[in-house]
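All chains are named by letter (A, B, ...) in the order of the sequence lines, taking the proteins before the strands, and each is independently numbered beginning at 1. Everything quoted here is computed from the prediction, not taken from an experiment.
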Number of protein chains: 2
Amino acid sequence: MIDDENLESTEAEARAVESRAEAFIGVREARRSEVAEDYVELIAELIHENGEARPVDISARMGVTAPTVAKTLGRLARDGLITRAKYRSVFLTEEGRALAKECRHRHEIVLRFLLSLGLDPETAERDAEGIEHHVSERTLALFAAFAQRS
Amino acid sequence: MIDDENLESTEAEARAVESRAEAFIGVREARRSEVAEDYVELIAELIHENGEARPVDISARMGVTAPTVAKTLGRLARDGLITRAKYRSVFLTEEGRALAKECRHRHEIVLRFLLSLGLDPETAERDAEGIEHHVSERTLALFAAFAQRS
DNA sequence: GATGATTATTAGCCTATGCTAACTTTTTGC
DNA sequence: GCAAAAAGTTAGCATAGGCTAATAATCATC
């Protein structure tokens, strides 16, 4: 191991490659829960507004068709986030409520942060929707602090 | 139409629902191109560093298996972003290079922005990887301006 | 230049997330 | 209380993006 300058052969290189891979793996993991989080957050909102979350309302707000909603709700039920009965509205489990609360919290912080940067509300809402699933705790704390002191 | 207070019945409500749906549709669209963008960006980097992008290196850096890389490269080729020959390295088309450049630009801005907020480099890199696909032009401009004056 | 190691591909499987078409159930309005 | 409308479900299809196992090609070394 004399020639440390070889392509790909240093320890440092290896560590960099692995760390890069871990970042991508992290992003893929975040992606997997994105849809579930969006649904649970929306369901919580609908329940708050209307006392129940009907598939038809979820469908309209998510911009997907009713069968897509049905299938996704099936996964959420399987994963213990919601309860449902055939032809009935959907409700959150304890776990679902906890997740919804966390998501709402994150969403609020990201949104307030973007607004405090001077972004228009429309764009802020859109970007927050996409960004909220990809901010670490650490970043979220910085966002919150920044929005606070603005 | 006297009772404007009815659930779901106002024009404003309808507009809000539609705008919400559009936000989600936008996020889904962004998600569809995320993987392609990550690959193209990485391929550009590898070519810059090594003169070529080998599947095995893409695989190591993306943290996925070789067959997954092969399948994804197939899609990129189909979409006109790369050229490839069997058992050979991959190269970018004009279109691929343009996309890579744009992605790199976005990535840099988001990364610099996060760093200028005071985030540690490790976390900044990870979060940038996830966030970069979900920032609008407008937000990007604000990020760039903020990082500049810091 | 044969051969073992490395790299790339193919086949085949799985899950998530979307869709349309067809059907069932529930709700609503006379 | 019945018929039409609205809502929900099921079946079946497609694509993306993961995986493992098996196969094929290339490279490096003696």
Counterpart residues, side chain to side chain donor-acceptor pair (under 3.5 Å), relative to [X] (two or more places apart):
X      : result
B:E41  : none
B:Q148 : none
B:S59  : none
A:R31  : B:E34

side-chain contact (heavy atoms from CB on, under 4.5 Å) filter on B:P67, not counting sequence neighbours, yields B:T65
Whole-Å distance, B:R78 CZ to D:dA16 C1', equals 9 Å
From CZ of A:R88 across to P of D:dA6 the rounded distance in Å is 18 Å
Scoring nucleotides 18-25 of chain D by protein non-hydrogen atoms under 4.0 Å (B base, S sugar-phosphate only, - none) yields BBBB--BS
Please tabulate, for side-chain N and O atoms in residues 119-126 of chain B, each donor-acceptor pair with protein atoms closer than 3.5 Å (sequence neighbours left out).
from   : atom 1 : to     : atom 2 : distance (Å)
B:D120 : OD1    : A:R138 : NH1    : 2.9
B:D120 : OD1    : B:T123 : OG1    : 2.7
B:D120 : OD2    : B:T123 : N      : 3.1
B:D120 : OD2    : B:T123 : OG1    : 2.9
B:E125 : OE2    : B:H107 : NE2    : 3.0
B:R126 : NH2    : A:E22  : OE1    : 3.4

With five pairs defining each end axis, the helix from C:dG1-D:dC30 to C:dC30-D:dG1 comes out bent, to 10°, by 10°
Checklist line | Phosphate OP1/OP2 of D:dT26 contacted by B:R54 side-chain N/O (<4.0 Å) | finding: no
Closest to the 5' end of DNA chain D, once A:A53 and B:R32 are matched to their nearest nucleotides, is A:A53
Would you be so kind as to tabulate the donor-acceptor pairs closer than 3.5 Å made by side chains of residues 95-103 of chain B, with sequence neighbours excluded?
from   : atom 1 : to     : atom 2 : distance (Å)
B:R97  : NH1    : B:L92  : O      : 3.4
B:R97  : NH2    : B:E94  : OE2    : 2.8
B:E102 : OE2    : B:R106 : NH2    : 3.3

The complete set of side-chain hydrogen bond (donor to acceptor under 3.5 Å, both in side chains) pairs with one or both residues in residues 75-87 of chain A, sequence neighbours excluded, reads A:T72-A:R75
Sequence neighbours excluded, the answer for ring-ring contact (aromatic ring centres under 6.0 Å, His included) partners of A:F146 is A:F113, B:F146
Spell out, as yes or no, whether a donor-acceptor pair under 3.5 Å connects the side chain of A:R28 to the backbone of B:G63. yes
With a 4.0 Å cut-off (strictly under) to non-hydrogen atoms of chain A, the first and last hit nts on DNA chain C, 5' to 3', are C:dA16 to C:dT27
